[in-house]
Number of protein chains: 2
Amino acid sequence: MTNEARLADVAAAAQVSVATASRALAGSTVVAAATRDRVRRAAARLGYEPNLAARQLVTGQGQSIALVLPDLANPFYAGVAKGVQRRVRAEGLTAVVADTDEDAEVEAAVIAQVGPVAARLVLASPRMPDDAVRAVAQRARVVLVNREVEGLAAVTGDNADGVRQALVHLHALGHRRVGYAGGPATSWSDAARRRGLVAARERVEIEVVDLGAFRPGSAGGLAAADLALAAEVTAVLAFNDQLALGILGRLADRGVAVPGRLSVVGFDDIPVARLLAPPLTSVTVPADELGRTAVELLLGPDRPEPGLRTLPVELAVRRSTAEPAG
Amino acid sequence: MTNEARLADVAAAAQVSVATASRALAGSTVVAAATRDRVRRAAARLGYEPNLAARQLVTGQGQSIALVLPDLANPFYAGVAKGVQRRVRAEGLTAVVADTDEDAEVEAAVIAQVGPVAARLVLASPRMPDDAVRAVAQRARVVLVNREVEGLAAVTGDNADGVRQALVHLHALGHRRVGYAGGPATSWSDAARRRGLVAARERVEIEVVDLGAFRPGSAGGLAAADLALAAEVTAVLAFNDQLALGILGRLADRGVAVPGRLSVVGFDDIPVARLLAPPLTSVTVPADELGRTAVELLLGPDRPEPGLRTLPVELAVRRSTAEPAG
DNA sequence: ACAGGGGTTGAAAGCGTTTGCAGCCAGCCC
DNA sequence: GGGCTGGCTGCAAACGCTTTCAACCCCTGT
């Protein structure tokens, strides 16, 4: 049931040439307002849908919006993908998604590959160096998610406020010494959260012990959990929920009560967090909204304005945190 | 650094016309083998990449492969998406993914929308009626995942064998009465698993109690867990892991020991399953391979051969199952 | 030797859109 | 009133590819 109306049909219906029709629909100011409206009405009446392939052929620019992310299996990025995809679809466009398996080289290859198809990219947590990202931004419109590069547009959750909220919450419960189980050293998010930790300590009287850098998942969680116990902290804040999950698993293994002996706070608030036993206290990052916002920035006629947009986050308090054992 | 070589350049380099060059690269049998090789070498030497927009313009068929799935946030589908996306990329193509939010109407809209861009579709667990699916298959090449429609190609995990393995495992542990917490009534997978249950009971001396149909997640898990306890079963098999997660959470809430008092088995083996406490025994369905296989079927020059391909599944035994309390 | 034919190749016509350029018509200034 | 400017509009040329159709060559059968 693909629509059969061509631009030529619209032009005929509006009694103008295809050139004018094209300009009218593109919103060119050079065409008279009356003509423009007439063409637009004709297009609407005929249910005209532009042929993207033809447009792309002449402009050389793909119409799709591409999302490049490190790992679809990570629920956080899946959330971003949902947001991107929904917003793109609302625009009548299609979203190309590419997973890089957390590999910087794959990332570069993937970006090159989607280049001809999409002139607008959402890059989520790209691993490539700043220069490479900027190079990509030369050829296409780019918005970053969870990464900041001078001169480019970016969107992220409020990492500093997230860790602050977590710390305030733990402090209120009575914790005075908490561990931070960090993420990969190359992660911009981890760096941002660490900075937040430092800033928060000036306001919250709490000692933060750096437990190290871990890969999210069970292996990392295992190490982190053991280190947390050894560090004699009463609570641990994890870089993200996947790591927190691993920690929770290890603690259960070792028979350590959560939150009885150790409170655990995650970050991202992935959907399963609330399904755990105990449900995980976590900093809710609006993943889909990050995606939506990124697309929004890409939608304008111009390159998105550089700068970092920070979306608010919120601590979801659940049962993995409680007062420290007296 | 988009490549600048055009088909005309290749043709010139190979001393043939563009028509012949086009045919040679398309692998048309009508062109002489020697010529074909010469053109191919020239193309390779120049690093020629066909302009997909131009091709699409003339053929009217999009080159991308689209994946339509109910919910990216469901780790199982995220896995399928990974598989699809990786295989598509290996082919030098791009994958368009669209999430329908589990809504049949959105599904139809989405399919219509990706139509012009992609002439090959992977439909994962489509909600639409058989006829509608067949209608889509008229206009595009379609492979289904976790759904069977007469006359179409489809890929699925071996549902029957999965439940059989689960039942055999539980039986071996000594369970004789287990509950089945089903999925949505409209789900093809749930129906397939239920059929498997019936078939397995002929071989395994075990009584299966139908606990009902539940929506995956915490709400459904809550109800299912309570019903399982009331039904006086010693183990419960869940339609999928998300439901199992909800069940586990509810059981923990009520202080019911797992696997002490009740064993729990999931289905799909999503990545978090092994991170739970206790780690969840689950039927491993190779989600990414389902995606990969689906794409493979789509890659041939012709419509994929109708019929259901069944991929083997495997029970991952973890600590959520044990002997029933004596 | 010649007609016929299979096997290859090339010329050219689009596919639907954007866009540079030229043209038209008013209106305006002098 | 004539020449110009400037606002709109239309013509036609791309964009890079596939595919139809005709042409060509050389071989075969008679």
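In what follows, chains are A, B, ... by sequence order, proteins preceding strands, each numbered from 1. This one's a predicted model, so the numbers in the text were calculated from it and none came from an experiment.
Between the CG atom of B:Leu46 and the C1' atom of D:dG16 there is a distance of 15 Å, rounded to whole Å. Here the C1' atom of nucleotide D:dT18 and the CG atom of B:Leu7 are 9 Å apart, to the nearest Å.
Near DNA chain D, meaning a heavy atom under 4.0 Å from it, residues 54-62 of chain A has A:Leu57, A:Val58 in order of number.
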Write out a two-atom table: protein N or O, nucleotide N or O from nucleotides 8-12 of chain D, distance below 3.5 Å.
from   : atom 1 : to      : atom 2 : distance (Å)
D:dT9  : OP1    : A:Thr35 : OG1    : 2.5
D:dT9  : OP2    : A:Ala32 : N      : 3.0
D:dT9  : OP2    : A:Thr35 : OG1    : 3.4
D:dG10 : OP2    : A:Ser17 : N      : 2.9
D:dG10 : OP2    : A:Ser17 : OG     : 3.3
D:dG10 : OP2    : A:Thr20 : OG1    : 2.8
D:dG10 : N7     : A:Arg23 : NH2    : 2.7
D:dG10 : O6     : A:Arg23 : NH1    : 3.2
D:dG10 : O6     : A:Arg23 : NH2    : 3.0

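B:Pro126 and B:Arg147 make their closest contact through O-NH1, 2.6 Å (heavy atoms, listed as atom of the first residue, atom of the second, distance). What you find for B:Tyr48 and B:Arg6 is that their closest heavy atoms are CE1-C, 3.6 Å.
Residues satisfying the side-chain hydrogen bond (donor to acceptor under 3.5 Å, both in side chains) test with B:Thr284, not counting sequence neighbours, are B:Asp269. By the side-chain hydrogen bond (donor to acceptor under 3.5 Å, both in side chains) test, A:Thr100 pairs with no residue at all, sequence neighbours left out. Taking the side chain to side chain contact (heavy atoms under 4.5 Å, CB included) definition, one finds that B:Gln56 meets it with A:Ala53, sequence neighbours left out. Applying the side chain to side chain contact (heavy atoms under 4.5 Å, CB included) rule to B:Val117 yields the partners A:Thr94, B:Ser64, B:Val96; only residues at least two apart in sequence or on another chain are considered.
With a heavy-atom cut-off of 4.0 Å to chain A, the contacted part of DNA chain C has its first and last nucleotide at C:dG16 to C:dG20.
Residue pairs that meet the salt bridge (charged side-chain N to carboxylate O under 4.0 Å, His left out) test with at least one member in residues 53-81 of chain A, sequence neighbours left out, are A:Asp71-B:Lys82. Listed by first and then second residue, the salt bridge (charged side-chain N to carboxylate O under 4.0 Å, His left out) pairs that reach into residues 106-129 of chain B are B:Glu102-B:Arg127, sequence neighbours excluded. The salt bridge (charged side-chain N to carboxylate O under 4.0 Å, His left out) analysis of residues 13-34 of chain A, with sequence neighbours excluded, yields no pairs. Among residue pairs with one or both ends in residues 284-296 of chain A, those qualifying as salt bridge (charged side-chain N to carboxylate O under 4.0 Å, His left out) are A:Arg87-A:Glu296, A:Glu289-A:Arg292, A:Arg292-A:Glu296; sequence neighbours excluded.
Side-chain contact of B:Thr310 with B:Asp158: a donor-acceptor pair under 3.5 Å is absent, judged by distance alone.
Taking five base pairs at each end of the helix from C:dA1-D:dT30 to C:dC30-D:dG1 and finding the rotation axis that steps the C1' atoms of four pairs onto the next four gives two axes whose angle is 50°, to the nearest 10°.
B:Arg141 has no carboxylate O lying under 4.0 Å from a charged side-chain N of B:Asp302, or vice versa, which leaves the two without a salt bridge. The pair B:Asp131-B:Arg134 meets the salt-bridge criterion, since a charged nitrogen lies less than 4.0 angstrom from a carboxylate oxygen.
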